[in-house]
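Heads up: the structure comes next, in structure tokens.
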Amino acid sequence: MLNRIVLIGRLTRDPELRYTQSGVPVASFALAVDRNFKNAQGERETDFINIVVWRQQAENCAQYLSKGKLAAVDGSLQLRSYTGNDGVKRTVAEVVADSVRFLSPKEGGGSYAQSAPLKEAAPYDNEHEEEMLGNDDLPF
């Protein structure tokens, strides 16, 4: 079985950095990713995909990425269900990033690698997810 997703797109908002109760960093943001084909009106449609990234990579994303920046995400698709404050069960699709590459030039010149080396995120485990997520406490 294989669950692998590679995306390149622009951030729709600044990353939101949070910490679980045990202090594990987690960041969330969304990427706008154009589809490879045009619709009947001759326009490219765009998908808005939620991204979650953990640990050191989360802190790097929060520090170096911002709305409009181009980024590449390599990760896996995760479907998660929760019950909202209104009692309605909802399902959310998100990409849990194993790595994020910053593709926009750094402001002021130079490269990101000179400022802070990018480290691969540790493989995703959901041991801290329940600490972070409550019914009304979504990571995006």
Side-chain angles (χ1 to χ4, degrees):
M1 290 183 247
L2 180 66
N3 181 355
R4 197 95 224 126
I5 294 180
V6 178
L7 302 167
I8 296 176
R10 295 199 178 274
L11 275 73
T12 64
R13 58 186 162 85
D14 291 347
E16 180 183 341
L17 179 64
R18 302 168 96 177
Y19 293 88
T20 65
Q21 291 175 351
S22 59
V24 177
V26 58
S28 60
F29 54 91
L31 280 184
V33 179
D34 289 338
R35 294 184 182 178
N36 291 333
F37 55 88
K38 295 181 180 180
N39 62 19
Q41 292 76 33
E43 301 169 343
R44 289 201 188 272
E45 294 183 16
T46 302
D47 292 306
F48 301 93
I49 301 169
N50 294 320
I51 311 293
V52 177
V53 60
W54 292 83
R55 299 176 184 77
Q56 180 64 46
Q57 187 80 66
E59 292 177 327
N60 288 343
C61 287
Q63 183 174 358
Y64 296 109
L65 288 178
S66 58
K67 181 178 179 177
K69 296 284 186 180
L70 191 63
V73 173
D74 179 15
S76 58
L77 181 64
Q78 174 180 292
L79 299 177
R80 183 172 46 83
S81 296
Y82 69 97
T83 303
N85 288 339
D86 56 2
V88 176
K89 186 174 179 177
R90 293 179 173 85
T91 301
V92 176
E94 57 197 8
V95 172
V96 178
D98 293 325
S99 67
V100 178
R101 298 289 179 234
F102 310 150
L103 302 179
S104 290
K106 181 181 169 196
E107 280 103 20
S111 70
Y112 291 106
Q114 292 172 340
S115 301
L118 299 179
K119 298 179 182 175
E120 293 291 322
Y124 173 73
D125 66 33
N126 63 357
E127 98 180 56
H128 300 291
E129 183 175 55
E130 289 187 18
E131 297 172 16
M132 184 192 78
L133 303 175
N135 290 342
D136 61 341
D137 192 22
L138 295 178
F140 51 86

- prompt: Could you give the distance from NZ (K67) to OG1 (T12), rounded to the nearest 0.5 Å?
  reply: 7.5 Å

field: Nearest atoms (heavy-atom pairs only) where F102 meets Q57
entry: CZ-NE2, 4.3 Å

field: Closest non-hydrogen atom pair, A93 against L79
entry: CB-CD2, 3.4 Å

message: Counting C-beta onward and ignoring hydrogens, is there a side-chain heavy-atom pair between L17 and Q63 closer than 4.5 Å?
response: no

statement: dist R55:CZ -> T20:OG1 (nearest 0.5 Å) comes out at 9.0 Å

field: Interatomic spacing from CD1 in I8 to CG in L103 - rounded to 0.5 Å
entry: 6.0 Å

From CA spacing to verdict: side-chain contact (heavy atoms from CB on, under 4.5 Å), Y64, V100: CA-CA 11 Å; Y64 296 109; V100 178; over 6 Å; no

query: What is the minimum heavy-atom distance between C61 and V53, and which atoms define it?
result: SG-CG1, 4.0 Å

query: Do any N or O atoms from the side chain of D74 and from the backbone of S99 form a donor-acceptor pair under 3.5 angstrom?
result: no

task: Flag yes if more than 12 heavy atoms outside N3 fall under 6.0 Å of its CG atom; otherwise flag no.
output: yes

query: Taking the side chain from D14 and the backbone from S66, do they hold a donor-acceptor pair closer than 3.5 Å?
result: no

query: Under the 3.5 angstrom rule, does the side chain of R10 hit a backbone N or O of G68 as a donor-acceptor pair?
result: yes

- request: Would you name the heavy atoms of V88 and D86 that are closest together and state the gap between them?
  value: N-OD1, 3.1 Å

field: Considering all heavy atoms, the nearest E94-V52 contact
entry: OE1-CG2, 3.6 Å

query: What is the minimum heavy-atom distance between I51 and A97, and which atoms define it?
result: CG2-CB, 4.1 Å

message: Would the distance check show the side chain of S81 and the main-chain N or O of T91 forming a donor-acceptor pair, the cut-off being under 3.5 Å?
response: no

- prompt: If only atom types and distance count, is the side chain of R35 paired as donor or acceptor with the main-chain N or O of R44 below 3.5 Å?
  reply: no

field: Option from N50, V6, I49 for which side chain to side chain contact (heavy atoms under 4.5 Å, CB included) with V95 holds
entry: I49

- request: Decide yes or no for L11 and L31: does some side-chain heavy atom of the first lie under 4.5 Å from some side-chain heavy atom of the second?
  value: yes

